[in-house]
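Have a look at the structure below, then the notes.
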Amino acid sequence: MSAALIAALLCSVAAYIHTRSAHPSMRPENPIADLAWRGLAFAALIAWGALVVRGYVLGRWADATAALLGSFALNWYFGHRGPRPTWPGLSMLFAVVGLGLGAYAVLYE
């Protein structure tokens, strides 16, 4: 597995969790933490799209297709399980790790 594939999967789940947590009880109580979460989720969504497109442009069809289909599968899994109180922290963790791995993949792969 490449770092770009793992980064795309983590970024996808981070953005998906943010969009599924629209209910106020699923948001951080601190408005600054909520704003940071929103920014991380948006950056994760942009990074996910960029990593998938980059995979296709560079000719890494298998990784890009695996990232795309794996993202759909992981998003379905998290959506199927339903909202959890730990989702905001998990989403922020996935976004930070995914963005870091994405930067590593772009710079060194």
Heavy-atom closest contact (G102 atom, L51 atom, distance): CA-CD1, 4.2 Å
Atom CG of L40 and atom CG of L45: how far apart are they, to the nearest 0.5 Å? 12.5 Å
Could you work out the complete set of other residues in the hydrophobic cluster of L35, with links drawn between I, L, V, M, F, W and Y side chains under 4.5 Å apart? none
Where at least one partner belongs to residues 81-102, residue pairs that pass ring pair (Phe, Tyr, Trp, His ring centres under 6.0 Å), sequence neighbours excluded: none
Look at the aromatic rings of Y104 and Y108 and report parallel, tilted or perpendicular, splitting at 30° and 60°. tilted
Residue pair R60 / R54, side-chain heavy-atom distance below 4.5 Å: yes
Please determine whether residues V106 and I46 belong to a single hydrophobic cluster, defined as Ile, Leu, Val, Met, Phe, Trp and Tyr linked transitively by side-chain heavy-atom distances below 4.5 Å. no
I'd like to know if L90 and M92 are part of one continuous hydrophobic network [Ile/Leu/Val/Met/Phe/Trp/Tyr, side-chain heavy atoms within less than 4.5 Å]. yes
Check for me, please, whether L68 and W76 land in the same ILVMFWY cluster - side-chain distances under 4.5 Å, paths through other members count. no
Here the pair of heavy atoms bringing A66 nearest to L5 is C-CD1, 3.7 Å
Do any side-chain atoms of residues 6-15 form donor-acceptor pairs under 3.5 angstrom with protein atoms, and if so which ones, sequence neighbours left out?
from, atom 1, to, atom 2, distance (Å)
S12, OG, N75, OD1, 3.4
S12, OG, N75, ND2, 3.0

If you link ILVMFWY side chains whenever their heavy atoms are less than 4.5 Å apart, which other residues fall into the same cluster as I32? By chain and number, please. none
Listing request: all ring pair (Phe, Tyr, Trp, His ring centres under 6.0 Å) pairs with a residue in residues 32-52, at least two apart in sequence or in separate chains. H18-W37
Check for a donor-acceptor pair, side chain of R20 on one end and backbone N or O of P83 on the other, with a separation under 3.5 Å. no
Shared ILVMFWY cluster between V97 and I17, side chains joined below 4.5 angstrom? yes
Could you tell me whether the side chain of R27 reaches within less than 4.5 Å of the side chain of P88, counting heavy atoms only? no
Any residue meeting side chain to side chain donor-acceptor pair (under 3.5 Å) with T65, in chain and number order, not counting sequence neighbours: Y56
Would you find a donor on one side and an acceptor on the other, under 3.5 Å apart, between the side chain of T19 and the backbone of Y16? yes
hydrophobic_cluster_shared for V57 and W61, side chain cutoff 4.5 Å: no
